[in-house]
Structures are given as C-alpha cells and as structure tokens.
Q: 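Below is a structure I'd like to ask you about.
Side chains are part of it too, since the values below use all heavy atoms of this structure and drop only hydrogens, waters and symmetry mates. As the structure is a computational prediction, the values presented were derived from the model and not from experiment. Reminder, nothing fancy here: chain letters follow the sequence lines and each chain counts from 1.
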Amino acid sequence: SLSERLEGAFKNLKGEAKITELNIAATVKEIRRALVDADVNYKIAKEFTDKVKDIALGTKVINAVSPGQLMTKIVKDELANLMGGTESSFNITGNPAVILIAGLQGSGKTTFSGKLANYLKSKGKSPLLVAADIYRPAAIDQLMVLGGQVGVEVYSERENKNAVEIAQNAIKEARAKNKNVVIIDTAGRLAVDEVMMTEVANIKSAVNPHEILFVVDSMTGQDAVNTAKAFNERLDFSGVVLTKLDGDTRGGAALSIKYTVEKPIKFVSSGEKLDTLDVFYPERMAQRILG
Amino acid sequence: IAGKSTVDEEVLDQLEEALIGADVGLDTTIEIIKRIEDRVARDKYVNTSELNSILQDEIRAMLVVSPENSYKDFSTPAGKKPYVILVVGVNGVGKTTTIGKLAYNFTKAGKNVLLGAADTFRAAAVDQLTIWSDRTGVPIVKQPMGSDPGAVAFDTVQSGVARGSDVIIIDTAGRLHNKIYLMEELGKIKRVVQKVIPDAPHEVLLVLDGSTGQNAVEQAKQFTAATDVTALAITKLDGTAKGGVVLAIANQFKIPVKFIGVGEKMEDLLIFDKHEFVDSLFK
Ligand SMILES: Nc1nc2c(ncn2[C@@H]2O[C@H](COP(=O)(O)OP(=O)(O)OP(=O)(O)O)[C@@H](O)[C@H]2O)c(=O)[nH]1
Ligand SMILES: Nc1nc2c(ncn2[C@@H]2O[C@H](COP(=O)(O)OP(=O)(O)OP(=O)(O)O)[C@@H](O)[C@H]2O)c(=O)[nH]1
Ligand SMILES: [Mg+2]
Ligand SMILES: [Mg+2]
C-alpha cells in the first residue's frame, strides 16, 4: 500500500524529528508515482505533490504516528479536500427545471439519464426524458426502453434531424403535461468536433438549463484534462458525473478534472441497473486513487 | 563527428512527459527510456533527428505485428471458413460500432459476413446491431432480449456454417472485467462456439477505448484470462487521446493491435500501422 511504501522511504526518521527537504524527496517521488499510476494527469500530479510537500515540511513527527502514516494522511486529506471542497447543490426548481447531459461517446450519458429520472421521480418530481441524440443507431429506442423501466415518459421526434428543435419542443411538451424536470440526453461527441460542440452549445442557449452535467468515464486517462477543459469552455457546465465506478480503475481522472475546471462532482454511477446512482464521497475517492 | 553517447536530462524529461501524457504509463515509459539510453550508449547519435529515429525504432519494436495474422485487404486465413471473430470489452468502448465497420469492410472485400447479436442484456442492443446489419447489407442472427447469449452465439455459428458464411462476427454485452460472473459468462460463450467449430473463435478481439488510462492493462489481463484475447482494436483515436496504453499491453502480454477506430461511420476503421501509430504518439 502507499503508506507502507512511504514508510520505507522514511525509515530513518523517528521520534521528535521534523520532516525536512532531505528526508521527503523519496516520499514525494513515491506519491507522484502513485498518482500517475492512478491516471492523474502528469502535470497535476507534480503540482499536487509540490503542495503536499509544502504542507508537510516542518511538521513534527509525533511518537505515536509513523512518518509514513503521517504523510499518507496529509496526502489523503489534501486529495479529499481538493475533490470535495465546495458544498454541491442540485438545482431542480423551474417550470420546468432543465438538465442538460453531455460528454464523450460511450461515457454513460443515456444510462445516467435513466438513473437520474428514476432518482428524481423517487424524490417526488415528474421528470420528462428527452431523446436528443439523433445520430447513434437506436439511441431513441435505448432511451425509451430505459424510460419504460423506470416509468418515466420519453419525448422524441424520430423524423426531426434538429436536436436544438427537439429540445425546445420537449420543454413545451413538459409545460403542457405538467412535467417539472426535463432531462435532455444528447449524443456523445468529441471535444475537437467543432460542428458537434456548436450543436450542444446551441442546445444550451436555446433551453437555458438549470444544470449542465458533464458525464465522464472514470477510467479515462491523461486525456481527461483536455476534454473537460474544452467542454467547460463551450458549456460552463455546473457539475460532473463519474461513471463505471463499479470497475476497478483508480479513477485519477476525477482529480485531474476537478483540479482543472473546479466544478463539483455531483453524482457517481456505479452499475448498469437504473437504481445505482450515488452521491459522491470525496474521502472514498481519495482512498481509491491512492490505491 | 564524434556522436553523443548519453541523452541530455532535459530531452529525457520531455520524452517522459510526452509518453506519460500519451497514457503509455510509468513502467513502460521507464523501460523505453532505458532502452534508448542503452542504444545511445552503444550506437551514439549526432543530432535530434537521429535520436528521434532511435526513439521511434525502440517503440515500434515493442509493438507486436505478425504478418500472418494481420487483416491486410480484409482477407481471412485459407481453410478457416467460417472465420469466427468474438468481440469483447468493457462497457461503451465501441464494440458494436466496430462490428458494423468490420462487416462493411469484409463485405467490400467480397466476403459473406454473418453477425450474431449476443448482447441480449443492454437496452436496444439488438436494435443497434440490426441497424448496422441493414446498413452493410449483412444478415444477422438474433433472439429476444433476455435470451441466453451462449444460445445466440451457438445459433449464429451453426447458421453461418449452414449458409457457407466466410466471416462470423459475434457481438457481446459490455462488461467490467472485475465482475466474475460476467467474465465466466464470456468463457461460456466461447466454449459454446467451440462446440460447433473446435478451433473457433479464430479471433477474440478485445476492444479498448482510446482514451482509457492504465486500467486498460487490467482489462487486457482479465479478458485474456477469461477468453484468451488474440487481438486488440483501439477506438476513438479521432479525438485527442493517443491510446499509448497499447504499448504497456504489448510489452506485458504481446497482444497485437489489429484495428483502430477513427470515427462513427462504417468507413472509419483502419488496419493498425505501427509506423503511423508511433508518429501520432508524438504529434
Ligand atoms: N458497469 C457500468 N456500466 C455502465 C455504467 N454507466 C453506463 N454503463 C454502461 O456503459 C455503456 C454505455 O452507456 P451509454 O449510456 O449507452 O453511454 P452514452 O454516453 O449514452 O453513449 P453514447 O450515446 O454513444 O455517447 C452501456 O453498456 C451501459 O450499460 C456504470 O456506472 N457502470
Ligand atoms: N468518435 C468515435 N466514436 C466512436 C468510435 N467507435 C465507437 N464510437 C462511438 O462510441 C459510442 C459507443 O459505441 P458502441 O458501439 O455502442 O460501444 P459498445 O462497446 O458496443 O457499448 P456497450 O455494448 O454498451 O458496451 C457510440 O456513440 C459510437 O458511435 C470511434 O472510433 N470514434
Ligand atoms: Mg447515449
Ligand atoms: Mg454494444
């Protein structure tokens, strides 16, 4: 484990000794290594470990706590702080409240939309799901099956090739049918696809969402920073959703993304069934990233 | 001119950053750097372009490509008819789309293709593959959602043998490799296929998302343990991700990359080329 490895790096430090530049060098290297292995962005891992070094320097090593354990605690606390920090709210007041779901191909948006609808329904809301992915084969069918499984209506227009219009029409439909939350599922898109990024930016300006959620696969590697930045620049999203956390990836992308865009991680998805929508626990994520 | 026999620290740092940034991973990056240092100590280099070609050489050497099992021209080995490809991988990586692309390419090369919709679990999975079958004009074997995937695979292979298909491609549900019962299901699908054709599947194609980080190594490990993966396909390389994790996989498991996905249309599949791949790592 990391704390055991850090212990090894600190083996000559005991009693009232202080953590100094000399005895910390090997430890900082270990921590940076652990973070990069966990898919934390290379540059961010360096900045993070520099910060941890500053916090640790001058700290006295109390007899009861080993330096390795102390170091691990500093790292974990700092990680949890970084990823949790701001109290995150979820704005679903509006007539209707509009939630826009966006992200790269295959990240889990459609499945998450179904889960979110299920969750909001259990909280007493009347959600409407919107099938605004007009490209992927059987995308509308997929959302309709999920809507059927959770008892939530799905708005779609099979013949309409204009996603912005579909979203606008869905809002009108929601008002007509007294639905108070509209969840708009969109097509997966690359951050470098100018046409598609413009489409989702147009959907945003057309429907003025109360929440824009960036759905990201927790096993994403170094590229997480690039895509999060690009989506944030175009959409200024209000929150991040981490998916497939039921896998065994360490999930360092979560740190990279939070560090880069400073937006809260509002939900995590840890399974394919529609009842597996969870709250994000920063301390648990920190533990997971450190391995 | 006396050549340099060691590489500058600064150059090594830049190299380390580029490789890790491409998801090559720490261990493999350290190994590549060591190989370069050994090579330079032995052969010396005069300028940056020489150093670059040493670098590219060493990285290419890690990639496994055996000429007999590459799909140049989408040909299949003689005497293996029908040639059965089982497509596996974690959720959302691009298996179904890759199958659509393969169907298109094999058909264009004059092969008779048959698809098997053995993802009977995920919402609209069969509908999705059916659209690809329509688009490529290729027949498909399917059963209602919830059916046993092994039964669909069995059905597909039997049907392919009966109709004289050249290539059979079987789609499976996405599954995380740490879910033991799902990995066992995959092993069972493979055994069922073997019942019809003893040396099938001829190819077990693990599809990886090009933006996946180090977890791809664990995916390769677990999927190989369950079904003996014989080839990799890396998708979504039309984005900014580099897919460098295949170097770590090639280094540890010697599994060749055969295809790369560069888009969502049926034409967006390329046969893996190690020169182009290594070039793109540094773009
Ligand atoms: N194990 C697991 N699988 C998930 C999770 N979330 C989604 N999936 C699966 O991931 C795959 C992709 O999910 P989708 O909801 O289709 O992803 P998407 O982002 O809508 O995909 P595109 O619309 O093509 O961009 C499916 O097989 C889902 O069942 C999760 O939290 N855990
Ligand atoms: N840009 C891009 N998108 C791709 C590529 N390959 C697949 N996709 C997209 O990725 C998403 C998921 O593709 P699928 O084929 O459904 O993936 P899958 O592995 O079958 O997913 P599950 O069956 O749910 O596990 C779709 O939106 C595809 O269009 C690629 O090479 N480039
Ligand atoms: Mg979708
Ligand atoms: Mg699929």
Q: Less than 4.0 angstrom from a charged side-chain N to a carboxylate O is my criterion; do Asp246(A) and Lys179(B) meet it?
A: yes
Q: Please check: side-chain N/O of Asp39(A) versus main-chain N/O of Gln214(B), any donor-acceptor pairing under 3.5 Å?
A: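 Here the side-chain-to-backbone pair exists.
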Q: Would you say CZ of Arg135(B) has more than 12 non-hydrogen atoms from neighbouring residues, nucleotides or ligands within 6.0 angstrom?
A: yes
Q: So, for Leu146(A) and Ala123(B), which heavy atoms are closest and what is the spacing to 0.1 Å?
A: CD2-CB, 4.0 Å
Q: Using the salt bridge (Lys or Arg N to Asp or Glu O under 4.0 Å) rule, take Asp27(B) and Arg33(A) through it: C-alpha gap first, then chi angles, then the decisive distance, then the call.
A: CA-CA 10 Å; Asp27(B) 290 340; Arg33(A) 194 199 161 88; 2.4 Å; yes
Q: Hey, could you give me the CG/CG distance between Asp37(A) and Leu26(B), rounded to the nearest 0.5 Å?
A: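 CG of Leu26(B) is found 5.0 Å from CG of Asp37(A).
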Q: Rounded to the nearest 0.5 Å, how far apart are OG1 of Thr97(B) and CZ of Arg136(A)?
A: 7.0 Å
Q: Which atoms of Val90(B) come close to chain A, meaning under 4.5 Å heavy atom to heavy atom: side chain ones, backbone ones, both, or neither?
A: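 Interface part for Val90(B): side chain.
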Q: Measure distances from Glu272(A) to the heavy atoms of chain B and classify the residue's part below 4.5 Å as side chain, backbone, both or neither.
A: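 Contact with chain B is through the side chain of Glu272(A) alone.
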Q: Does a donor on one side chain and an acceptor on the other come within less than 3.5 Å for Asp223(A) and Ser211(B)?
A: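 Side-chain D/A pair, Asp223(A) to Ser211(B): absent.
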Q: Out of curiosity, Glu264(B) CD to Asp193(A) CG, how far, rounded to the nearest 0.5 Å?
A: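 Going from CD on Glu264(B) over to CG on Asp193(A), the span is 8.0 Å.
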Q: Check whether Asp23(B) reaches the backbone of Gln222(A) with its side chain - one donor and one acceptor, N or O, closer than 3.5 Å.
A: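 Yes: the side chain of Asp23(B) pairs with the backbone of Gln222(A).
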Q: Checking Leu176(B) against Met219(A) for the side-chain contact (heavy atoms from CB on, under 4.5 Å) test, could you report, in this order, the C-alpha distance in whole Å, the side-chain angles of both residues, the deciding distance, and whether it holds?
A: CA-CA 11 Å; Leu176(B) 292 180; Met219(A) 53 183 127; 4.0 Å; yes
Q: Salt bridge check, Lys43(A) against Glu17(B): does any charged N sit closer than 4.0 Å to a carboxylate O?
A: yes
Q: So what's closer than 4.5 Å to chain A heavy atoms on Ile30(B): side chain, backbone, both or neither?
A: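 For Ile30(B), side-chain heavy atoms alone lie under 4.5 Å from chain A.
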Q: Counting heavy-atom pairs under 4.5 Å with chain B, which one of Val145(A), Val192(A), Asp141(A), Thr220(A) comes out on top?
A: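 Sorted descending by pairs with chain B, the first entry is Thr220(A).
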Q: In terms of heavy-atom pairs under 4.5 Å, which option from Val93(B), Asn215(B), Val245(B), Thr235(B) contacts chain A the most?
A: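 If we count pairs closer than 4.5 Å to chain A, Asn215(B) comes out on top.
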Q: Could you measure the distance from the CG atom of Asp209(B) to the CG atom of Leu104(A)? Nearest 0.5 Å is fine.
A: 8.0 Å
Q: Let's test your reading of the structure: which of Ala253(A), Ala230(A), Gly251(A), Pro137(A) forms the most heavy-atom pairs below 4.5 Å with chain B?
A: Pro137(A)
Q: When you look at Asp238(B) and Leu190(A), which way does the side-chain contact (heavy atoms from CB on, under 4.5 Å) test go after all the steps?
A: CA-CA 8 Å; Asp238(B) 42 324; Leu190(A) 293 177; 3.2 Å; yes
Q: Establish, from distance only, whether the side-chain atoms of Gln128(B) and Gln142(A) form a donor-acceptor pair under 3.5 Å.
A: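 Judged by distance alone, the side chains do not pair up.
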Q: Give, as side chain, backbone, both or neither, the part of Asn226(A) having an atom under 4.5 angstrom from any heavy atom of chain B.
A: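 Contact with chain B: side chain only.
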Q: Where do Ala138(A) and Asp127(B) come nearest, in terms of heavy atoms and distance?
A: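 Of all heavy-atom pairs spanning Ala138(A) and Asp127(B), the closest is CB-CB, 3.8 Å.
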